[in-house]
Amino acid sequence: MASGIEVFTPVSHTLFDPAEIISKNGGRPPLTYQSFIAIAGEPPEPVLEEYSELPPVGDTGEYELLPVPTVEELGYGDISQEEIPPFRGGETEALRRMKESLQDKEWVVKFEKPKGDPSAFLKPATTVLSPYLKFGCLSSRYFYHCIQDVYRSVRNYTKPPVSLTGQLLWRDFFYTVSFGTPNFDQMKGNKICKQIPWSENEELFVAWRDGRTGYPWIDAIMIQLRKWGWMHHLARHSVACFLTRGDLFIHWEKGRDVFERLLIDSDWAINNGNWLWLSCSSFFCQYHRIYSPVTFGKKYDPNGNYIRHFIPVLKDMPREYIYEPWTAPLSIQKKAKCIIGKDYPKPVVDHETASKECRKRMGEAYALNRLDSNSSKGKPSNLSRRKMSHGDQDASNSSIAKLLKTSRSE
DNA sequence: ACGTCGTTGTACAA
DNA sequence: TTGTACAACGACGT
């Protein structure tokens, strides 16, 4: 540490080599975490290198060295009045943050990803090391082995996929599948992606993007995204489910674009992979499991402190109405200085009816996908494939019930 | 052909 | 706090 500069990061951006895993699997990327783990095995040891000085800038060839672009040049307006996100960049900060997280050994060895609290924002429930991994400030292999060191010092610790090391393996899983899947970042031409007739509704999409859906839990998350560039993974799940298969039935690619732009940890493979997951387009298919935009947040944060912080107009709404302010009597709304429909929007959809409709549409889309894959299996020619163009009224209307019945037996 | 299982659902019961 | 119905998908292994 003395005068030398320790550089931990350049060792490797991933634990494994995606190409190697795909070739071990017969040229196809593993599509489940379990099969990925079985093929991958143990990650190699990290190589720590020490340099006495920063490496020189290499030959830039024909390229001109330009100054660092300004915030404005990167497409952002006046940010002087913005809430400052609580995260700082750089390798030093990454290592400090990692050490701080790993110091709490009990927390490390009991870590189970699905059990975190998405409403925790003063002290996030996860490490918030994803931005540092994304920018190469922290080596995945180094982090992995530091966690292993903690595991070695105790009797019991959680295991993948839910454990802390499990999260790094998920990262490699998405790198591997995305590497081996043509058109991974879109629905069309993507073999592992369910073809779903998402609806186009710019108004609903904009309401979601700008945190004006009328569901405080959803809107608070989208506002945290805009202000901090980070939110808890279960919060991401809530809003991703709401946009796609849960309520609005809008294309996951639209949500993906918003996340890609606003998240400080947005990573091409992981972001697309998770949108495929949450929209039930790939990896995950239990589309009847829908997050409630009302009760999901409530179970972690019944008082709505998270909502009150990110949506100040709702800060005086009584606890019993904070997740459903449109149900508050007008007298209460007046007292809280927040009239629904004026100071804060009414819900853009009714969750009960919208989610029911989404389930139905997902069922129909899945049936058509089954039919399509079955018929192309028997006769791989393009002629036998059912056309799903907009002109095909027959497939999109009356015959769906028939398709639902027959698709399994064909 | 069939059974098992899947990182992260909800509402209600006991 | 833990268990169950709900209604049910598809990758994978046998």
Side-chain angles (χ1 to χ4, degrees), chain A residues 25-26 28-39 110-120 124-127 130 157-174 176-177 180-181 191-196 215 217-218 221 231-242 244-247 270 273-300 323-324 351-352 354-374 377 403-405 407-410:
Chain A
N25 195 42
R28 307 172 71 88
L31 291 179
T32 65
Y33 186 86
Q34 281 181 327
S35 54
F36 169 79
I37 296 295
I39 298 156
K110 286 184 175 167
F111 184 91
E112 283 184 63
K113 189 71 173 277
K115 287 191 176 166
D117 176 357
S119 69
T126 51
T127 60
S130 54
Y157 52 90
T158 53
K159 303 277 152 48
V162 297
S163 64
L164 216 44
T165 48
Q167 304 314 306
L168 290 170
L169 293 163
W170 275 109
R171 182 172 177 275
D172 268 57
F173 170 73
F174 285 124
T176 304
V177 189
T181 306
K191 282 209 173 87
I192 69 165
C193 180
K194 285 271 186 313
Q195 303 300 303
I196 296 167
Y215 285 95
W217 171 247
I218 300 298
I221 294 166
M231 63 289 203
H232 187 271
H233 72 285
L234 288 179
R236 302 179 192 202
H237 281 211
S238 282
V239 295
C241 179
F242 187 88
T244 58
R245 67 185 168 83
D247 290 85
I270 300 169
N274 277 302
W275 277 97
L276 285 163
W277 188 295
L278 261 295
S279 63
C280 285
S281 298
S282 199
F283 310 116
F284 180 72
C285 53
Q286 285 162 282
Y287 55 79
H288 42 83
R289 292 188 185 174
I290 292 173
Y291 291 90
S292 164
V294 171
T295 60
F296 184 71
K298 204 185 271 183
K299 76 182 175 208
Y300 299 99
Y323 284 88
E324 298 164 280
H351 175 64
E352 294 314 312
S355 60
K356 210 168 276 178
E357 176 68 18
C358 282
R359 278 193 176 96
K360 202 188 101 199
R361 291 197 206 173
M362 289 299 287
E364 292 168 359
Y366 267 52
L368 283 171
N369 276 276
R370 271 197 299 269
L371 194 77
D372 199 45
S373 68
N374 286 346
K377 216 180 277 173
L403 298 178
L404 285 165
K405 278 183 192 164
S407 59
R408 283 169 179 282
S409 54
E410 280 178 33

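Below, read A as the first sequence line, B as the second, and so on, with proteins coming before strands; counting in each chain starts at 1.
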With sequence neighbours excluded, tell me which residues meet side-chain hydrogen bond (donor to acceptor under 3.5 Å, both in side chains) with A:E357.
A:R361
Among the nucleotides [options], which one has an atom lying closest to any side-chain atom of [X]?
{"X": "A:P114", "options": "C:dG10, B:dT8, B:dT10", "result": "B:dT8"}
{"X": "A:R370", "options": "C:dC9, B:dA11, C:dA7", "result": "C:dC9"}
{"X": "A:K113", "options": "C:dC9, C:dA11, B:dT7", "result": "B:dT7"}
{"X": "A:H233", "options": "C:dG10, B:dT8, B:dT10", "result": "B:dT8"}
{"X": "A:S292", "options": "B:dT10, B:dG9, C:dA8", "result": "B:dT10"}
{"X": "A:Q167", "options": "C:dC12, B:dT7, B:dT10", "result": "B:dT7"}
{"X": "A:Q34", "options": "C:dG10, B:dG6, C:dA8", "result": "B:dG6"}
{"X": "A:V162", "options": "B:dG6, B:dT7, C:dA8", "result": "B:dT7"}

Over all heavy atoms of both residues, which pair between A:Y287 and A:G363 is shortest? Give the atoms and the distance, please.
OH-CA, 3.3 Å
Under the criterion of centre distance below 5.5 Å and interplanar angle below 30°, is A:Y33 classified as stacked on the base of B:dT7?
no
If you pin A:Q286 and A:L31 to their nearest nucleotides in DNA chain C, which one's is more 5'?
A:Q286
Both distances below 3.5 Å, Watson-Crick or wobble geometry, any strand: find the nucleotide opposite C:dA7.
none
